[in-house]
Structure formats: structure tokens, C-alpha cells
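Within every chain, numbering begins at 1; the chains are lettered A, B, ... in the order of the sequence lines, protein sequences first and strands thereafter.
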Number of protein chains: 2
Amino acid sequence: MAQSDTVDRILDAAEELFAERGFSETSLRMITSKAKVNLAAVNYHFGSKNALIHAVFARFLTPFSATLETAFDDLEERCDGNPPTLNQTLWALTESAIRMPQRNERGISIFMRLLGLAYTQSQGHLRKFLEQEYSQPFGRFMRLLKEATPELTAVDRYWRIQFMLGATAFTMSSSDALRDILQNKLGVETSVQEIAARLVPFLAAGMQAPDKLLTPPPESKVSVA
Amino acid sequence: MAQSDTVDRILDAAEELFAERGFSETSLRMITSKAKVNLAAVNYHFGSKNALIHAVFARFLTPFSATLETAFDDLEERCDGNPPTLNQTLWALTESAIRMPQRNERGISIFMRLLGLAYTQSQGHLRKFLEQEYSQPFGRFMRLLKEATPELTAVDRYWRIQFMLGATAFTMSSSDALRDILQNKLGVETSVQEIAARLVPFLAAGMQAPDKLLTPPPESKVSVA
DNA sequence: TGGGTCTTCAAACGTATGTTTCAAACAGAC
DNA sequence: GTCTGTTTGAAACATACGTTTGAAGACCCA
């Protein structure tokens with residue numbers, strides 16, 4: 001009880017601060033004082049700051065990857081035999097993320113922001129940790145994408161997947177800020193669910209765009225030369 | 001001569017290290033030792049580490065924004081009266097970036113990566129600096145996008161622009177790594193120009209995707225309930 | 001109640017950071 | 001050649017960091 005309380009308080013504080021400020025910009029002292037916990041508790045319970053970062057990710061990524069696996073199972077069963085479509089695959093992922101049990105209303109934003117940070121902040125140890133812990137659902141998602149876009153060459157698919165990941169990671173990682181901006185500019189409230197509902201069609205359309213050769217630069221100095 | 005040599009050496013080293021490792025992960029000592037320059041030189045010439053970051057951005061962003069303005073001038077002149085299309089606008093931006101005079105062959109990658117970092121690393125001072133220095137070309141780009149997509153609602157356009165920025169910033173900011181991965185996986189070499197040639201159609205297609213209501217989640221627990 | 005383990009705490013450790021200091025070296029003008 | 005302002009240099013500054021220490025406290029089962 002006492003232990004898990006301290007551990008959870010540290011994880012909660014770390015999660016929030018990491019999402020707000022990034023990893024290297026967040027010190028253990030910030031975390032422990034926000035968690036109202038002694039500084040040494042982090043090293044006692046987790047061993048190091050890097051291990052704490054891993055624990056923060058594991059806490060939401062492990063249940064998420066389980067949810068995702070069953071969502072993919074359901075999807076493939078429903079399609080029995082036929083490969084799921086691109087839209088179905090993207091929605092399976094999106095819904096798994098959205099429907100995850102949240103600790104609080106900002107849960108999804110934090111979750112997304114941390115994923116985005118993991119992708120962009122060049123923390124070698126984190127990338128290695130995520131790769132060896134969660135390669136299975138990631139690989140399965142990639143396989144589904146491949147089967148859903150048989151018309152693409154491997155190279156085209158590779159780059160378009162990167163574009164999709166980028167659009168998602170960036171948007172979600174700053175979704176709070178972007179929502180605030182929109183609120184100020186147009187007076188519109190937006191939920192994470194609505195962002196996802198706009199993102200998925202954008203990604204699907206980009207993924208299925210006509211071949212690059214069909215839309216070269218218009219009459220310009222480059223193509224004329 | 002002596003001064004500008006030291007200043008440039010600092011800027012070169014800082015640019016490269018910032019692009020490689022991020023801002024807070026790069027110390028002044030790393031920079032000065034890579035530049036073969038005394039530690040105090042940074043504070044002497046720039047005043048502070050933050051000011052150095054600003055200088056790094058200003059060195060490539062100022063000529064770039066000039067190039068971009070004339071590219072937009074050319075484009076609008078060629079279209080006389082009519083608003084440029086989405087493709088034309090995106091290509092004007094892309095070509096301005098690609099055709100910038102580079103200090104070396106990695107110039108574009110560094111340029112892109114720094115822009116991506118500016119977007120993701122939550123460096124308040126940097127965002128403020130960029131906003132007040134380069135709001136004009138950015139605003140003009142936004143205006144062109146708006147005129148090129150009159151069919152979109154303001155809210156839809158807002159989000160789709162964020163998706164575009166995300167896909168671009170992310171891809172370009174890790175373009176070196178992504179190119180290496182592709183080289184290892186499929187044995188394919190890719191230039192930054194080719195990435196751009198694939199990215200623009202992806203973005204244009206996403207931007208012009210059918211309305212979000214037309215592609216709701218397929219038959220799933222959510223939409224059924 | 002006592003003994004052993006797990007947990008907390010205040011304090012200190014060593015290292016790295018951004019910044020400052022001030023004397024030495026240098027430049028160009030007279 | 002000397003003087004003036006600019007630039008470099010080695011060293012130190014204060015501060016913040018992640019981590020370790022060892023004693024005090026809390027807890028649980030015998």
C-alpha cells in the first residue's frame with residue numbers, strides 16, 4: 001500500500017511533467033516535489049531516471065498493446081480471410097487508443113504527447129526499450145498496412161507510412177496546444193476523438209494518393225530545365 | 001576576419017550538434033570544442049546559449065524567408081488574379097527549401113531537422129523568437145492555403161494544415177535516419193528531393209480528402225451503439 | 001514484544017552545466 | 001612604436017543535476 005502509493009505518485013507526476021516539458025528538461029527534483037515524495041525514492045524504486053522513463057511508458061503501453069492485439073484479432077475475424085481495409089486498420093488503432101481506460105480526462109493527450117516525444121526526442125535508450133518491448137503489435141500493424149495497400153510499391157508504402165506517423169505523432173503530441181489555439185482563433189472546442197476523426201480520413205487519402213509521377217511540380221523553373 | 005571566422009565556426013558546430021542531439025542535450029562545451037574555439041567565445045559573441053540558438057535559426061531562416069517571398073511573388077504573378085492551386089503553393093514552398101544555397105550536402109537535412117526540433121522541443125523562447133521574426137511569410141503561406149482550399153471549413157482547414165505540418169516536420173527532421181533505414185531494408189537510395197516529390201502528393205491528397213463525415217468508423221462497437 | 005525487512009528521509013557526493021572574470025594577445029590608426 | 005579597442009584564453013563562479021549514503025522510521029510476522 002505505502003509502496004504502491006509512492007510508486008504511483010511518482011509515475012503520475014513524471015508522466016505529466018514529461019508530457020509537458022520533455023525528458024531532459026524535467027529533473028527528478030521537479031518530479032519528486034510534484035509527487036510530494038523524497039528525492040531518493042525515484043532511485044530506490046526505479047533505479048535511475050532512464051528506468052523511470054521506461055516505467056512511465058510501460059504503464060500505459062502494455063495495456064494498450066494488449067487492447068490493440070485484441071482489436072486486430074476482432075478485425076481479422078470479422079473480415080474472415082480477406083485482408084482488412086486501410087480505413088478499418090487505421091480505425092482499429094485509433095479506437096484502441098481512444099477507448100483505453102484513462103486515469104483522468106487529460107489521459108489521452110498525455111498518452112499521445114508521450115508517444116510523440118518518444119518518436120522525436122532522440123533518446124536512444126527509450127527507442128531501444130520500446131523496440132524490444134513492443135515490436136510485436138507494431139510489426140502486426142505494419143503487416144496489416146501492407147496488406148491493405150497492395151497497389152503501392154514497397155518504397156512508396158515506406159515513405160507514406162512515415163508521413164502518416166509524422167502527422168499523427170506531431171498532431172497528437174501538441175494536441176493540447178493546438179486545441180487551445182483553435183479555441184482562441186475560432187472559438188471552437190475540440191475533443192481528442194474529433195481530432196482523430198479528422199486525422200484518419202486525411203491519412204487514408206494521403207496513403208491512397210495517386211502515384212507521385214502523376215503530380216509533378218507544375219510549370220516551374222525546375223521541371224522546365 | 002578573425003571575428004567572423006570564430007562566429008561562423010561556432011554557428012556551424014552549433015547547427016550540426018543541435019540538429020543531431022537537440023538543444024538542451026547539447027552543451028556549450030560540446031559546441032566550442034567541436035568548433036575549436038574557447039568556451040567564453042559563445043557568451044562573448046552571442047551573449048547566451050539561447051541567443052546562439054536564435055542566431056543559428058536566423059542564419060538560415062532569414063535568407064529562406066526572402067527566397068520564399070519571391071517564390072510566392074512569382075507564383076501569384078504567374079496566376080495573375082486567380083489564387084494559386086494547392087499543388088502550386090506546396091511546390092513553391094518545397095522548391096524554395098530545396099533550392100536554398102547549402103553550406104554542404106547535409107544542409108537540407110539539418111535545415112529540416114532544426115525546423116522540426118523548433119516545432120517539437122518545447123523551447124518557449126525559440127517559439128516566441130520565430131513567431132515575431134518570421135510571422136510574415138508564414139502568414140502569407142497560410143493565406144495561400146486558405147485560398148487554395150475554399151471548399152474546406154475553417155476548422156477542417158486548420159486541422160489538416162496541422163497534419164501537413166506534422167508529416168513534413170517529422171519526416172524531414174528524421175530524413176537522414178529514415179533514408180538509412182530504407183537503404184538497409186530495401187537497398188534503395190533516396191535524395192531529399194525525392195522525399196519531397198513523394199510528400200507533396202501525399203499532403204495534397206490528404207488536404208483534399210472527402211469530408212470526415214463521409215468516412216466514419218466502419219461497423220464497430222462505437223458507431224453501432 | 002521483538003527482530004528483520006522494506007521504505008523514507010536529510011544530507012552529501014561528484015559531475016556537468018551556463019556564465020563571468022580578468023589578464024594576455026592581437027588588430028589597426030596615428 | 002605606442003596607444004585603443006577588440007578578441008581570445010585559462011580559470012573560476014554559482015548552480016543544478018542524477019545518484020549514493022547511512023541513519024531513522026514504518027511495517028509485518030513470529
To the nearest angstrom, how far is A:I53 atom CD1 from D:dC17 atom P?
14 Å

Please report the distance, rounded to the nearest Å, between CG in B:D5 and C1' in C:dA27.
15 Å

How many whole angstroms separate atom CZ of A:R9 from atom C1' of C:dT7?
13 Å

Give the nucleotide from the list C:dT19, C:dA11, D:dT7 with an atom nearest to the side chain of A:L39.
C:dA11

Closest nucleotide among C:dC9, C:dT20, D:dT6 to the A:A40 side chain
C:dC9

Quick one: which of C:dT19, C:dA12, C:dC9 gets closest to the side chain of B:L28?
C:dT19

In terms of heavy-atom contacts, B:R9 and B:K36 come closest through NH2-O, 2.9 Å

Would you kindly compare A:Y44 and A:M30 by the position of their nearest DNA chain D nucleotide and give the one closer to the 5′ end?
A:M30

Which part of the nucleic acid, if any, lies within reach of A:S24 when heavy atoms closer than 4.0 Å are counted: base, sugar-phosphate only, or nothing?
nothing

For B:F46 and B:I10, the nearest pair of non-hydrogen atoms, with its separation, is CE1-CG2, 3.6 Å

Using heavy-atom distances to pick each residue's nearest nucleotide on DNA chain C, tell me which of A:R29 and A:V37 is more 5'.
A:V37

Write down the distance between CG (B:N38) and C1' (C:dA25), rounded to a whole number of angstrom.
13 Å

Rounded to whole Å, the NZ-P distance (A:K36 to C:dA10) equals 14 Å

Nearest-nucleotide pick for B:S27, side chain only, options being C:dG18, D:dT20, D:dA10:
C:dG18

Are A:Y134 and A:F57 close enough that their ring centres sit under 6.0 Å apart?
no

Can you tell me if A:N43 touches the phosphate of D:dG18, counting only side-chain N or O atoms and a distance under 4.0 Å to OP1 or OP2?
no

Examine the side chains of A:E25 and B:S24 and answer whether a donor and an acceptor come within less than 3.5 Å of each other.
yes

Given atom NZ of A:K49 and atom P of C:dT15, what is their separation to the nearest angstrom?
19 Å

Residue pair A:T94 / A:L199, side-chain heavy-atom distance below 4.5 Å:
no

Starting at atom CZ of A:F23, determine the distance to atom C1' of D:dG18, rounded to an integer number of angstrom.
17 Å

Can you find a side chain N or O atom of B:H45 that sits less than 4.0 Å from OP1 or OP2 on D:dT8?
yes

Would you tell me if any nitrogen or oxygen in the side chain of A:T6 comes within less than 4.0 Å of OP1 or OP2 on C:dT8?
yes

